[in-house]
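For reference, the structure discussed in these notes is given below.
Along the sequence shown, residues are numbered consecutively beginning with 1. The figures that follow rest on heavy atoms only: side chains count, while hydrogens, waters and symmetry mates do not.
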Amino acid sequence: MKTPLYIEHMSPAAMMTADELLRLNLPDKRTELVRGVLVVREPAGYRHGAVTMNLAVAINDFARPRKLGRVLAAETGFKLFSNPDTVRAPDVAFIRSDRVPEPPPAGFPPMAPDLAVEVLSPDDRPGAVLEKVGDWLNAGVRLVWVVDPMRSLARVYRTDGTETLLAAGDAFDGEDVLPGFACPLAEVL
């Protein structure tokens with residue numbers, strides 16, 4: 001997750017909607033919408049991409065053969081709130097099979113995934129990361145994993161307010177979202 005550039009000083013009339021974000025074309029940028037305000041970020045770096053891919057593959061390799069649900073790649077937007085709109089895009093998302101939208105929406109699904117994974121970049125601000133975690137949990141995400149590749153740590157946030165710190169020797173646990181899933185943090189770093 002790269003440090004975002006918030007487009008400041010937008011008047012209420014200039015606030016953006018999820019539909020406008022969907023039509024926006026900013027080449028080589030990653031965008032989100034936070035309470036109607038466009039957030040623009042630079043592309044993530046190499047290590048971020050490698051960690052994100054490793055974790056997405058591990059989750060998909062576990063979930064797909066068991067038909068547990070759908071794993072979505074980095075930057076898939078989810079419309080979490082309306083009026084003003086908030087569209088967040090995790091680095092990896094998982095939706096349980098009983099919640100996968102059918103037919104697949106062309107735009108941002110108006111829902112939260114069951115699991116949202118955020119992989120930090122060196123310049124991420126702690127306050128911005130916690131705000132994003134709060135948005136995920138308030139929208140109904142059951143598990144949020146925040147991976148810090150630089151420190152070889154991860155934090156697990158849950159809807160009940162509990163939090164767990166994982167060190168390099170610990171493993172991610174799918175809990176009741178991905179029952180039986182376990183992946184050592186060291187394997188994705």
Side-chain angles (χ1 to χ4, degrees), residues 1-45 48-49 51-52 55-56 69-96 99-101 104-149 154-164 177:
M1 199 165 72
K2 296 285 288 178
T3 297
L5 165 69
Y6 289 87
I7 306 301
E8 303 280 347
H9 311 298
M10 292 182 79
S11 67
M15 293 178 77
M16 185 176 277
T17 67
D19 289 338
E20 291 168 328
L21 177 63
L22 193 58
R23 293 189 303 272
L24 184 67
N25 182 18
L26 291 177
D28 302 321
K29 302 292 181 191
R30 296 168 37 187
T31 59
E32 289 184 316
L33 192 61
V34 180
R35 288 169 274 299
V37 178
L38 178 65
V39 179
V40 180
R41 298 177 292 158
E42 294 299 320
H48 178 280
V51 171
T52 299
L55 198 45
R70 173 83 52 175
V71 178
L72 297 164
E75 301 311 308
T76 300
F78 291 86
K79 185 177 178 186
L80 303 180
F81 308 109
S82 298
N83 300 321
D85 292 354
T86 294
V87 175
R88 291 289 198 175
D91 292 312
V92 181
F94 171 76
I95 304 171
R96 286 188 344 253
R99 297 185 62 241
V100 172
F108 306 120
M111 63 182 295
D114 294 287
L115 167 67
V117 178
E118 299 291 346
V119 178
L120 300 181
S121 294
D123 55 351
D124 277 329
R125 296 183 331 232
V129 172
L130 288 175
E131 178 183 26
K132 196 167 189 179
V133 168
D135 281 350
W136 287 124
L137 293 173
N138 288 331
V141 173
R142 294 168 52 203
L143 276 177
V144 180
W145 295 344
V146 177
V147 184
D148 186 343
R155 290 191 185 277
V156 177
Y157 298 89
R158 298 172 192 84
T159 54
D160 66 4
T162 60
E163 175 186 340
T164 302
V177 174

Quiz item: What residues, two or more places apart in sequence or in another chain, satisfy side chain to side chain donor-acceptor pair (under 3.5 Å) together with Asn83?
Solution: none
Quiz item: Who passes side chain to side chain donor-acceptor pair (under 3.5 Å) against Thr164, sequence neighbours left out?
Solution: Arg158
Self-check item: Non-hydrogen atoms of Val71 and Ala56 that approach each other most closely
Solution: CG1-O, 4.1 Å
Self-check item: Minimum heavy-atom distance between Met111 and Ile95, given as atom pair plus value
Solution: CE-CG2, 3.8 Å
Exercise. For Glu75, check side chain to side chain donor-acceptor pair (under 3.5 Å) against everything at least two apart and list the hits.
Key: Arg30, Arg41
Quiz item: Between Glu118 and Ala89, which heavy-atom pair has the shortest distance, and what is it?
Solution: OE2-O, 4.2 Å
Self-check item: Taking every non-hydrogen atom, the tightest pair across Trp145 and Leu55
Solution: CE3-CD2, 4.1 Å
Quiz item: What closest approach, in Å, do Ala18 and Asp85 show between heavy atoms, and which atom pair accounts for it?
Solution: N-OD2, 2.7 Å
Self-check item: Side-chain heavy-atom pair Val34, Glu131 within 4.5 angstrom cut-off
Solution: yes
Practice problem: Over all heavy atoms of both residues, which pair between Gly107 and Leu22 is shortest? Give the atoms and the distance, please. | Solution: CA-CD2, 3.6 Å
Practice problem: Using side-chain contact (heavy atoms from CB on, under 4.5 Å) as the criterion, list what pairs up with Ala116, not counting sequence neighbours. | Solution: Pro90, Pro113, Trp136, Val141
Quiz prompt | Worked verdict on Asp91 versus His48 for side-chain contact (heavy atoms from CB on, under 4.5 Å) | solution = CA-CA 9 Å; Asp91 292 312; His48 178 280; 3.2 Å; yes
Quiz prompt | side-chain contact (heavy atoms from CB on, under 4.5 Å) involving Glu20 - partner list, sequence neighbours excluded | solution = Met16, Thr17, Arg23
Self-check item: Point-to-point distance, once rounded to the nearest 0.5 Å, from CG of Asp148 to CG of Leu120
Solution: 5.0 Å
Exercise. Output all residues satisfying side-chain contact (heavy atoms from CB on, under 4.5 Å) with Pro110, sequence neighbours left out; order by chain, then residue number.
Key: none
Exercise. Please name all residues satisfying side chain to side chain donor-acceptor pair (under 3.5 Å) with Asp135, sequence neighbours left out, ordered by chain then number.
Key: Arg35, Arg88
Quiz item: For Arg96, what residues pass the side-chain contact (heavy atoms from CB on, under 4.5 Å) criterion, not counting sequence neighbours?
Solution: Phe94, Asp98, Arg99, Asp114, Arg142
Exercise. Using the side-chain contact (heavy atoms from CB on, under 4.5 Å) rule, take Phe108 and Leu33 through it: C-alpha gap first, then chi angles, then the decisive distance, then the call.
Key: CA-CA 11 Å; Phe108 306 120; Leu33 192 61; over 6 Å; no
